[in-house]
Structures are given as C-alpha cells and as structure tokens.
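Here the structure comes first, spelled out in structure tokens, and everything after it is commentary.
Scope of the values below: all heavy atoms of this structure, side chains included, with no hydrogens, waters or symmetry mates.
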Amino acid sequence: MIDLVLDILSWILLILGGACVLIGGIGGLRLPNFYARIHAASLTDTMGTILIFVGMMLQAGLSLATLKLFAIMLFLLLTGPTATYALANTALLSGLKPDAGSASDELEEDEPK
Amino acid sequence: MSMYIVVSIAILITMVLALVRALMGPSVYDRVLAVNVFGTKTVLLLSVIAFLYGRPDFLDLALAYALVNMVGILAVLEYFQNRARKNSRSQDD
Amino acid sequence: MIFVFAVFLLTLLVITAIAIVRAKDLFVAVMLTSIFSLLMAANFFILDAADVALTEAAVGAGVTTVIFLCALSLTDDREKPREGSRWIAFSTVGLLALLIIYATFDKPRLGDPEAPVHQHVAPWYLEKTPEYIDIPNVVTAILGSFRGYDTLGEVFVVFAACIGVLFILGVSPARKTKEVPEKDSGLRHHLIPQVVGRLVIPFIVLFGLYVQFHGEYGPGGGFQAGAIIATGVILYALLEGEASALRAIPRSVLLGMVVGGALLYGGVGVACMLLGGSFLDYSVLAADPVVGQQLGILIIEAGVGMAVCGALLSIYHAFAARERLS
Amino acid sequence: MNLLELLGYFNYWVFAIILTVGLYAVINKNNLIKKLIGLSIFQSAVFLMYITMDKVEGGTAPIIQEGVEGQIFSNPLPQVLILTAIVVGVSTLALGLALVVRINECYGTIEENEILDAD
C-alpha cells in the first residue's frame, strides 16, 4: 500500500518536474530579451531540479543513493543561481541594459565592450 | 521505469532548446546562459539515466558535474572583467 | 529506449561540432566546446563507460574552459575571415568522410558480443580480476596493475607537457606594463560568488579525495581526482585572485607534486624489483599477493592523482600569471 | 538490412563526421586557436570510436557488483586507454595554447597567413 502511494507520488513529482524543465526550456527560447530569458532558466534550475530529485529520492528509499541525490540537489541549488547571478552581473557591467521599453535586444547583435 | 523515460525525454527536448539558443545567440551572454542551462540539464539527465540503468552508484558523475559546473561560468565572469579592464587601460594610454 | 537517446545525443553532437567550426567569435567557439564536452560525457555514460564519463566531466567542464579563456584573454578573440577558396579543403574532407563511412560497413555493429575486440584479452581481464586483485572496478585494476606500464607512460606525458608549458611561458614577457593591484584581482567585489564559492570549495576537494580513494569500488581514480581537486583550487584562484592562490599553494609545492607523483609511481616499480619481483609487479609488496596488488594500486593511484593535480594547476598558474603581468 | 541494424552503425558515422569536421578546422582555418579547437574535436571523435567499440549488448559498466550473478560487462580495455588519453589531451592542448600565446607575443597576430607574411 505504502509502495503504491510512494510510486504515485513520485510519478506526479517527476512529471511535474519534467513539465517545469520543459516550460523553462521553451521560455529560454521564446522570451524576447536576455534578462527575461534568465528567469526562464531559473525555473529549470530550481523548481524542475527540486521536483525531479525529490521524485527520485522517493523511489530510491533510504539508501546511499538518496544521500547522493540530496547532495546533488543541494549543490545544484547553490551553484545554479550563483552562476546565473554572475552572468547577469557581467551582462549589466558590460553595458547590456535591461530596458523595459524595448521588447527585444536583437539590435545589440555585437557584444558590447 | 517508464516515468524515468518520460522525464528524460522532457530533459532531452530542453537540451535541444538550449542548444538552439546557444547557436542563435544573439548576444554572447545568451550563449553562456544556454551553456549553463545545458550543464544543469546534463546533471539531471545523468541522474535519471543512472536510475534507468538501475545502478544508482553512478550518481557520482552527476555529483561531479553539479560541483564543477559553476567554475566555467565564474571563469567567464572573470574573463569579461579582465577584458573590460584591458580595454579601459588601452584607452588611457 | 536508451539507444534512441544515444542517437539523439549523437545528432546534437554533430550539430555542435559543425557550429564550433563555423563560429567566427572564438569566445563563442569555446562556449560551444563546453557544450560539446557535456554531450560527450553523456554519450560515454550511455555507452557504459562510467569512468571515462567521470574523467570528461572532471576535465571538460572546468579545466579546459578555464585554460581556453586564459589563452583567449592573452591573444585575440576574433577570427579574421579567410580569403580564397575553401572548396579544395571541403571536398578533400568530404571525400574522406565518405570513405570512412563506407569502411564502417565492415565493422561489427554497436553492441555485437561477437566483435573481435571482445574476444581477446578483455575476457581474461574480467575473469581474472577477482582472483588476482579482488577489487570491484575492473577499469582501475587494468589501469593500475595489468597495464601499469601504459599508465606510467601517460603520467610522464602529462609531466612532460607541464614542464613544456612552464618552459614556454616561463620567459618573462617583453613589454611589462603596470601590474593589476591585488585588491582588484579575481572576483573580490562579487559577494555572492565569494560566499557560495567558499562554501563549495571544501566539498569539491572532499569529493576529489572520495573519487581518489573510492576508485577501486566505483568510478574514479587518480586521473579524475587530480582534475577535480585542481578545479577546486582554480575556483579559489578565480575568487581570490591568482596571486593569493599561489600563496596558499606555492609554485614549488606544485612542481614538487608533479615530480613527486611521477617519482612515487616509478619508485613503486623499482621497489617491486628490489623485493624480487619484476617492474610494477605489485604482488611482492605484501605477504599475500592479492593484498600486495591492492596496496600497489593504492600507492600508484595516489601518485597519479598528485601528478595530474600538480600539472594542471602549474599549467593554470603559468597562463594566469602571464595575464597578470602583461 | 533493417533499420535497427543500420542504426547500429550510427555511432561510427558520427565518428566519421566529427573526425572530418575537426580535420577541416585544422587544415582550412588560419586562426591558430581555431586549429587547436579543431584538433580537440578530432581527438574527441577518436575517443568516441574507442568507447563505441567497448559496448556489449545488454552489458553494464565493468564494475562488479556484489551479490549479482551472471552480469554481462562491457569491455574495460578501451575505457582504460581513453580515460588516460583525455587527461593527456588536456595537457597537450595547454602546451599548444602556450605556444600560441608566445607566437602572439612575438608576431602580434595568431593568423597563420599573417605570421607567414611577417617572416
């Protein structure tokens, strides 16, 4: 009985996680400018990661694998947003302005100095 | 077993989307962002495939990527910082 | 099903390779190279090569990108367009591709258990490893013991490459401008990477040690561990500036690690000869041959780890120091 | 020859294409760093071919699990060769980049034709 509940629960979590990852990917492709796309990337980095890893942890049960999964999740949650922050910071310092007025940054084809 | 397959297909499609973004640009930062997304997706894919194979002892691989991935992006940040400094110095001269 | 994934990933690999060659901006090419490496590692993992995938992960994600970016900031990141026809090169290369593809039809197909590769030596290794060495990871057993000569040679190649880089970049640059002040170097002004980096570095080094000493039981070993630990120290250098990383681990220590690691490996071989065995035959190291083999593998893996870590860090410092001075 | 059998050769085709793409960059690009990138792609193609050969149908990575009988293991030998080659590849790549950096300092360019003109 418990097994069945765990199975269903991890099914739901994994599917939701897959959906989050996919939505983030589509957003990363479709959103108009760089700063908007960062938000989409953060969705896959955080929500998708958490849901998929918790789903797998439920499947693994109490074992070394669960511990490793937890460690991977923790490090991904620490390093992913840091890397995104570093990237946004670089872009801002190099002069890519987050301009709410213009929807697209296609004009800034060449990277700014 | 089949739920792992569903999730890995979702991850694979996201990898394609990230690759398209990396190829299209338009700015270099978009490409770096795509590389970052690609990295985290690889971590997810490796963990899911480790379960699909039924050998969870191979999660070490995903752990290695989770730890090492940030270094590349921080190196990019330092690279841009150095370049900006070099440019400003050559303008001073 | 896995097979379909493999086909998918390989297609992405081809697209990435073509995009790398077409990219005009060398920085973009380097970024795509890191995607290429990620795809490569995933493919290795799907093809049952966990150890190789771990090596690619340890090397490709961190060290390669960092060294490429160092070289780019010392040179130029724009590729000039090439005049002249490229059809000669194009047709030569296309012809070669067709020839190789034609030749592949004589190869055994993927996963064929009857393929010639699987008939010779390899079954013997798989069968005899539990008996002679008694460790679960056959790859480590072959790397350390059965083909120990081979690995010794590879360690000396890494050693030689490191010495070469130090010779080439050790000459002081001709035009010396003012040095970057210490307080501006690295990512000192970025608080979030600082805090997270300081939190993560100990775990990277700890994981490196785990990979080093767990190599007999799971994927891992000296090569991977050396690269992972080197990545951890490079992260420190990125955060605090290259000079303070050099203060933490001075250049002489790094050189000592490279030389010491290679000597440790060779020394184990000589010790085996002195104890009455042949070169790199670890069975004589302990009373029980199996224990002797395990001891020998442990020591030479430590030597490999030291040598690789020292070599990669020396190479990084050679590039980064030049960047600081010129 | 059915479709699945044809797909069994797909790895080798990818090997051929990547190999020649890398070769193209080496022979046709003037930029020295681009040549080195091409060389590392070429090298990766060779790695891919070796690792392709190690796969055995229904096999698993050659790490013996306790208490599991009758497992098929993939061939460990190509893995050993490639594992060391990857690390050696990075150090030799660094050697090449070091040479490029020195060339850039002496000639002020990393384009091959400009270097040849300068000589």
Side-chain angles (χ1 to χ4, degrees), chain B residues 1-2 4-5 8-9 11-13 15-16 18-20 22-23 25 28 31-39 41-43 45-46 48-50 52-53 55 57-83 85-86 89-90 93, chain C residues 1-2 5 8-9 12 15-16 19 25 27-28 31-32 34-35 38-39 41-42 45-46 48 50 53-54 57-58 61-66 69-70 72-73 77 177-178 180 184 186-187 190 193 196-197 200 203-204 207 210-211 214 217-220 224 227-228 231-232 234-235 238-239 323:
Chain B
M1 196 53 61
S2 58
Y4 295 131
I5 292 179
S8 18
I9 289 172
I11 296 171
L12 282 173
I13 294 173
M15 282 169 108
V16 178
L19 186 65
V20 171
L23 297 185
V28 265
R31 296 174 198 262
V32 182
L33 181 69
V35 172
N36 191 20
V37 170
F38 211 91
K41 292 298 91 63
T42 313
V43 176
L45 187 72
L46 289 180
V48 174
I49 288 180
L52 204 54
Y53 270 167
R55 298 199 68 170
D57 42 336
F58 292 157
L59 285 172
D60 288 4
L61 262 149
L63 191 52
Y65 260 129
L67 284 168
V68 166
N69 238 336
M70 185 179 64
V71 179
I73 307 294
L74 290 185
V76 171
L77 174 58
E78 214 206 4
Y79 169 75
F80 279 116
Q81 192 178 306
N82 280 341
R83 209 172 59 169
R85 191 186 294 135
K86 209 190 273 176
R89 210 191 306 161
S90 61
D93 293 343
Chain C
M1 197 61 214
I2 286 278
F5 291 175
F8 199 79
L9 287 173
L12 293 190
I15 296 171
T16 316
D25 190 337
F27 176 77
V28 172
M31 283 295 107
L32 290 175
S34 91
I35 287 188
L38 289 164
L39 281 169
F45 187 53
I46 286 178
D48 286 349
L54 187 57
V63 179
T64 316
T65 316
V66 171
L69 288 180
C70 281
L72 277 191
S73 62
D77 61 1
T177 46
K178 61 186 171 203
V180 178
D184 287 340
L187 304 172
H190 298 269
V196 175
V200 171
F203 287 103
I204 296 182
F207 181 67
Y210 164 80
V211 167
H214 195 257
Y217 305 98
Q224 295 94 328
I228 290 174
T231 314
I234 288 177
L235 179 56
L238 287 175
L239 292 174
E323 202 173 327

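- For chain C, the option among B:Val32, B:Val76, B:Leu77, B:Leu61 with the highest count of heavy-atom pairs below 4.5 Å is B:Leu61.
- Expressed to the nearest 0.5 Å, how far CD1 of C:Ile15 lies from CG of B:Leu19 amounts to 6.5 Å.
- Side-chain atoms of C:Leu32 and B:Leu23, non-hydrogen and from C-beta on, do get closer than 4.5 Å to each other.
- Using a 4.5 Å heavy-atom threshold, the side chains of B:Glu78 and C:Leu69 count as separate.
- In this structure, the portions of C:Ile46 lying under 4.5 Å from any heavy atom of chain B include both its backbone and its side chain.
- The closest side-chain heavy-atom distance from B:Ile9 to C:Phe8 is not below 4.5 Å.
- Qualifying ring-ring contact (aromatic ring centres under 6.0 Å, His included) partners for C:Phe203, counting only residues two or more places apart in sequence or in other chains: A:Phe75.
- C:His190 has its side chain out of reach of B:Leu74: every pair of non-hydrogen atoms, C-beta onward, lies at least 4.5 Å apart.
- Looking at C:Leu72, the atoms closer than 4.5 Å to chain B (heavy atoms on both sides) sit in the backbone and in the side chain alike.
- Chain B forms the most heavy-atom pairs under 4.5 Å with one residue out of C:Gly218, C:Ala53, C:Gly197, C:Cys70, and that residue is C:Ala53.
- Nearest approach of B:Val68 to C:Gly62, heavy atoms of both residues: CG1-N, 3.7 Å.
- Between B:Leu12 and C:Leu9 the shortest side-chain heavy-atom distance falls below 4.5 Å.
- Considering all non-hydrogen atoms of both residues, B:Asp60 and C:Pro219 come closest at OD2-O, 4.2 Å.
- In this structure, C:Ser34 and B:Val35 approach most closely via the heavy-atom pair OG-CG1, 3.2 Å.
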Open item on the list: Could you walk me through whether B:Met70 and C:Leu235 satisfy the side chain to side chain contact (heavy atoms under 4.5 Å, CB included) test, starting with their C-alpha distance in whole Å, then the side-chain angles of each, then the deciding distance to 0.1 Å, before giving a yes or no?
Closed with: CA-CA 9 Å; B:Met70 185 179 64; C:Leu235 179 56; 4.1 Å; yes
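- Side-chain contact between B:Leu52 and C:Phe5: present, with at least one pair of heavy atoms (C-beta onward) separated by less than 4.5 Å.
- Only the side chain of B:Leu45 comes within contact range of chain C, with at least one heavy atom under 4.5 Å from a heavy atom of that chain.
- When all heavy atoms of C:Ala61 and B:Asn69 are compared, the closest pair comes out as CB-OD1, 4.5 Å.
- Interface residue C:Phe27: only side-chain heavy atoms are found under 4.5 Å from chain B.
- Only the side chain of B:Asn82 comes within less than 4.5 Å of a heavy atom of chain C; its backbone N, CA, C and O stay farther away.
- Proximity to chain B is limited to the side chain of C:Tyr210, based on heavy atoms less than 4.5 angstrom apart.
- The two residues C:Ile228 and B:Ala64 come nearest to each other via the heavy atoms CD1-CB, 4.5 Å.
- Minimum interatomic distance between C:Phe45 and B:Ala50 (heavy atoms only, all atoms of both residues): CE2-N, 3.9 Å.
- Heavy atoms of C:Ser73 lying under 4.5 Å from chain B belong to its backbone as well as its side chain.
- To the nearest 0.5 angstrom, C:Ile35 atom CD1 is 9.0 Å from B:Met15 atom CE.
- Neither the backbone nor the side chain of B:Ala62 comes within contact range of chain C; no heavy atoms are under 4.5 Å apart.
- Taken to the nearest 0.5 Å, the CG atom of C:Leu38 stands 4.0 Å off from the OG1 atom of B:Thr42.
- Interface check for chain B: of the options C:Thr65, C:Thr231, C:Val28, C:Val66, the most heavy-atom pairs under 4.5 Å are formed by C:Val28.
- For the ring-ring contact (aromatic ring centres under 6.0 Å, His included) test, no residue two or more places apart in sequence or in another chain qualifies with B:Phe38.
- In this structure, CG on C:Asp48 lies 5.0 Å from OH on B:Tyr53, to the nearest 0.5 angstrom.
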